[in-house]
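Just follow the structure's listing: the first ligand is 1, and inside any ligand the first atom is 1.
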Amino acid sequence: MTKGSLVNYIWEIKKKSFRWLENNRGFIVVLIVLPLSFFFGLFFRLQKWFLRLLYSAPKKHDERVSQIQTKVILWGKQPRNERKLMCTSRPNWQSLSTTFFRKDLCHKISIPLYDILELNEKAMSVKVEPFVTVGQITDYLVKRGYTLAVCLEVAEATLGGLAMGVGMTTYSQNVGLYQETVVSYDVILGDGSLVTATRSNEYSDLYYTLPWSHGTLGFLVCLELQIIKIKPHIKLEYIPIEGKSKYCELIRHISGANDKTFKTPDYLEATVFSKEKAVIMVGNFADVPQGEKHKINRVSAFYKPWFFKHVETFLEKGRDYEYIPLEDYLLRHNRSIFWVVETMIPFGNNILFRWIFGWLLPPQIAFLKFTTTPGIRAMTFTKQVFQDIVLPMNKLEKQIDKAEELFNIYPILIYPCRIYDHGPHRGQLRPPRRDQMVVKSNYGMFNDIGIYGVPQKVKDKQRFDAVKAMREMEKIIKMEPFTRFTRDVGGYPFLYADTFMTRKEFEEMFDLEAYEKVRTKYKANGAFPHLFDKTKPEINVFQIGEEYADPF
Ligand SMILES: Cc1cc2nc3c(=O)[nH]c(=O)nc-3n(C[C@H](O)[C@H](O)[C@H](O)COP(=O)(O)OP(=O)(O)OC[C@H]3O[C@@H](n4cnc5c(N)ncnc54)[C@H](O)[C@@H]3O)c2cc1C
Ligand SMILES: NC(=O)C1=CN([C@@H]2O[C@H](COP(=O)(O)OP(=O)(O)OC[C@H]3O[C@@H](n4cnc5c(N)ncnc54)[C@H](OP(=O)(O)O)[C@@H]3O)[C@@H](O)[C@H]2O)C=CC1
Ligand SMILES: CC(C)=CCC[C@@H](C)[C@H]1CC[C@H]2C3=C(CC[C@]12C)[C@@]1(C)CC[C@H](O)C[C@@H]1CC3
């Protein structure tokens with residue numbers, strides 16, 4: 001056998017084994033990944049419990065913060081040419097992002113801050129350390145009659161990560177993005193100094209540029225967040241709609257996009273199941289009437305249908321409502337990670353599977369990342385899409401058309417959210433344009449469009465060029481002004497996801513003027529990576545060759 005034919009033979013074997021794995025991935029995930037993930041998560045939950053037992057001490061917060069300051073000052077004492085840029089020691093695989101930032105090239109600073117510090121019921125706020133998770137704070141607040149104003153549906157997200165990245169939920173059409181609910185940030189700067197940034201104090205420039213900064217302006221060591229009073233149940237109304245223009249217009253109407261005085265619901269989201277079919281969900285805090293106890297549904301119980309599958313049934317059943325315990329509502333998408341788990345376990349929503357294995361779900365996101373080798377990352381990078389893009393709601397119909405044209409993945413998630421114009425205060429998000437503003441208000445009505453899964457073309461084993469498709473969605477192809485969809489209509493992609501822009505395109509997409517000034521003023525240059533470098537994929541998307549464009 002010649003060398004060339006041996007290489008071809010091995011390549012053929014590799015292709016056949018990948019295809020077998022891909023066609024039987026559900027069984028691999030159930031028999032191997034889920035049990036390992038369970039024990040992996042159990043180990044870390046026990047580790048966390050033990051560490052909390054040993055270390056958790058809110059009263060030690062100041063002592064811990066000064067220890068971190070010392071680490072930064074010691075870093076600064078190194079010769080300039082020996083200093084590596086700083087980042088947190090939190091391993092990539094614990095991060096809720098699809099990218100793997102090269103932390104091995106950085107100087108990692110441990111930020112051992114995992115505690116809830118103070119609940120201030122008078123000020124309606126809670127002070128937390130950055131690595132408190134959504135799951136932790138939800139459990140702590142709900143039993144006290146509160147929740148965060150913007151409280152996520154993914155338990156593993158950390159409050160600091162959301163503050164330095166971006167966060168939004170179905171309450172965001174009332175209050176905007178997660179950053180709008182931040183009262184103050186305590187940050188250690190590149191020179192080791194500790195500052196508190198608020199909307200109105202001397203560090204207000206820092207306050208407005210910390211969101212979407214992804215740890216490139218300093219280390220967050222404390223966060224004060226707004227909370228809201230709650231009732232123990234959400235009355236959730238499911239409104240199935242046929243007709244893209246009809247459901248788009250109804251979403252705009254209910255979100256208050258057409259009328260600032262419209263009484264918007266507490267929670268609003270839509271799941272688009274096909275271009276012409278969607279279910280709009282309208283939720284309000286409620287007391288369950290005596291005669292309606294039978295309408296209480298614990299949607300997040302392990303044996304229940306996956307939430308998006310439950311929602312889909314209303315396309316047939318018609319309009320209806322139910323009462324959902326708040327914690328079940330807040331974590332409604334957690335069990336199936338929206339609809340991501342379906343791509344791993346196609347039969348995962350089967351009633352038998354749920355009763356037998358449902359308690360093992362979701363696979364720990366940290367475990368999925370922990371087991372993502374560079375080879376798996378390269379292989380899946382162009383065959384799966386995980387994107388959230390914030391776009392003006394007056395372009396919702398076009399968003400759906402573009403998403404179907406490029407990816408043809410359903411369901412699609414729609415979360416309405418306000419984007420505020422903070423006047424002279426500038427951050428990385430460009431303010432809404434005039435035609436996007438809600439009349440007589442200081443905000444525009446936007447929405448997150450969430451696209452998660454395997455593009456239809458990949459499923460059909462057709463040629464799919466992920467880079468071209470995502471750049472098309474970001475619509476920055478050779479900077480042609482008429483085709484820059486996201487830039488053109490004025491949108492922003494979440495930076496937890498893979499981006500496909502050059503530096504120049506990135507600076508077109510985001511307004512970095514204030515950010516660059518703040519980096520200089522607060523000694524971030526030379527101390528922390530630049531935002532573009534921190535959030536670009538570790539895979540150079542412009543070097544992706546033909547071999548990645550085809551499934552096999
Ligand atoms: C699969 C997996 C799932 C995970 N799931 C979650 C999750 O759901 N929620 C979550 O918050 N974290 C989660 N983690 C992160 C986990 O909580 C941390 O890794 C853990 O707290 C231990 O910290 P560390 O060893 O990484 O060290 P570091 O985080 O760098 O901390 C170093 C030091 O900080 C102190 N410290 C560490 N942890 C704590 C703590 N909990 N309280 C007070 N002080 C502490 C100790 O002194 C420790 O030696 C997960 C990690 C994995 C791998
Ligand atoms: N509904 C929603 O909005 C949802 C949003 N998400 C996404 O998940 C992300 C949050 O995930 P999570 O794992 O919690 O956060 P990550 O660990 O991914 O952190 C996000 C960014 O914030 C930085 N960061 C985190 N903590 C600190 C700190 N104490 N000081 C300075 N920088 C810090 C990280 O830098 P470093 O790498 O140095 O740690 C990283 O660049 C968000 O970016 C969001 O987009 C996920 C699910 C739902
Ligand atoms: C609703 C909003 C505004 C955002 C939701 C974002 C999530 C859907 C994504 C955030 C992190 C993403 C990751 C994955 C799926 C989609 C997210 C949860 C993976 C679990 C996909 C499989 C990979 O192996 C690991 C990914 C980690 C991050």
**Asked** Is there a protein heavy atom less than 4.0 Å away from atom 14 (C) of ligand 3?
**Response** no

May I ask you to identify the nearest protein heavy atom to [atom], giving residue, atom name and distance to one decimal place in Å?
atom: atom 4 (C) of ligand 3; value: Asp388 OD2, 3.3 Å
atom: atom 17 (C) of ligand 3; value: Tyr496 CE1, 4.5 Å
atom: atom 25 (C) of ligand 3; value: Lys369 CG, 3.9 Å
atom: atom 18 (C) of ligand 3; value: Ile337 CG2, 3.6 Å
atom: atom 11 (C) of ligand 3; value: Leu96 O, 3.6 Å
atom: atom 16 (C) of ligand 3; value: Phe386 CD2, 3.8 Å
atom: atom 23 (C) of ligand 3; value: Leu368 CB, 4.7 Å

**Message:** Strictly under 4.0 angstrom, heavy-atom based: which residues surround ligand 2?
**Reply:** Cys87, Thr88, Arg90, Gln94, Ser95, Leu96, Lys103, Pro130, Phe131, Leu152, Glu153, Val154, Ala157, Thr158, Gly161, Leu162, Met164, Gly165, Val166, Gly167, Met168, His214, Gly215, Gly218, Phe219, Leu220, Phe494, Tyr496, Lys534

**Fill in**
Of all heavy-atom pairs linking Thr98 and Asp498, the shortest is OG1-N, 3.3 Å

Ligand 3 atoms in contact with [X] (distance to a heavy atom under 4.0 Å):
X: Phe494; answer: 3 (C)
X: Tyr415; answer: 1 (C)
X: Met168; answer: 3 (C)
X: Asp448; answer: 2 (C), 3 (C)

**Prompt:** Does any N or O in the side chain of Thr70 come within less than 3.5 Å of the main-chain N or O of Ser66, such that one atom is a donor and the other an acceptor?
**Reply:** yes

**Message:** Closer than 3.5 angstrom, by distance alone: can the side chain of Asn201 be matched with the main-chain N or O of Thr198 as a donor-acceptor pair?
**Reply:** yes

**Asked** Can you check salt bridge (charged side-chain N to carboxylate O under 4.0 Å, His left out) on Arg418 and Glu180, steps first, answer last?
**Response** CA-CA 10 Å; Arg418 293 181 182 186; Glu180 302 297 343; over 6 Å; no

**Message:** Under the criterion salt bridge (charged side-chain N to carboxylate O under 4.0 Å, His left out), I'd like the reasoning laid out for Asp205 against Lys521: C-alpha separation, chi angles, the key distance, then a yes or no.
**Reply:** CA-CA 10 Å; Asp205 50 353; Lys521 180 176 176 183; 2.8 Å; yes

**Request:** Under 4.0 Å, heavy atoms only, figure out whether ligand 3 is touched by the backbone of Ser97, its side chain, both or neither.
**Result:** backbone

Angle between ring planes, [X] versus [Y], binned at 30° and 60°: parallel, tilted or perpendicular?
X: His530; Y: Tyr515; answer: perpendicular
X: Phe370; Y: Trp93; answer: perpendicular
X: Phe386; Y: Tyr452; answer: parallel
X: Trp212; Y: Phe494; answer: perpendicular

**Message:** How long is the straight-line distance from CG of Asn174 back to OH of Tyr267, given to the nearest 0.5 Å?
**Reply:** 9.5 Å

**Prompt:** Within a strict 4.5 Å, meaning less than it, do heavy atoms of the Phe100 and Thr372 side chains meet?
**Reply:** yes

**Item:** Electrostatic pair Arg332:Glu327 at N-O distance under 4.0 angstrom
**Value:** no

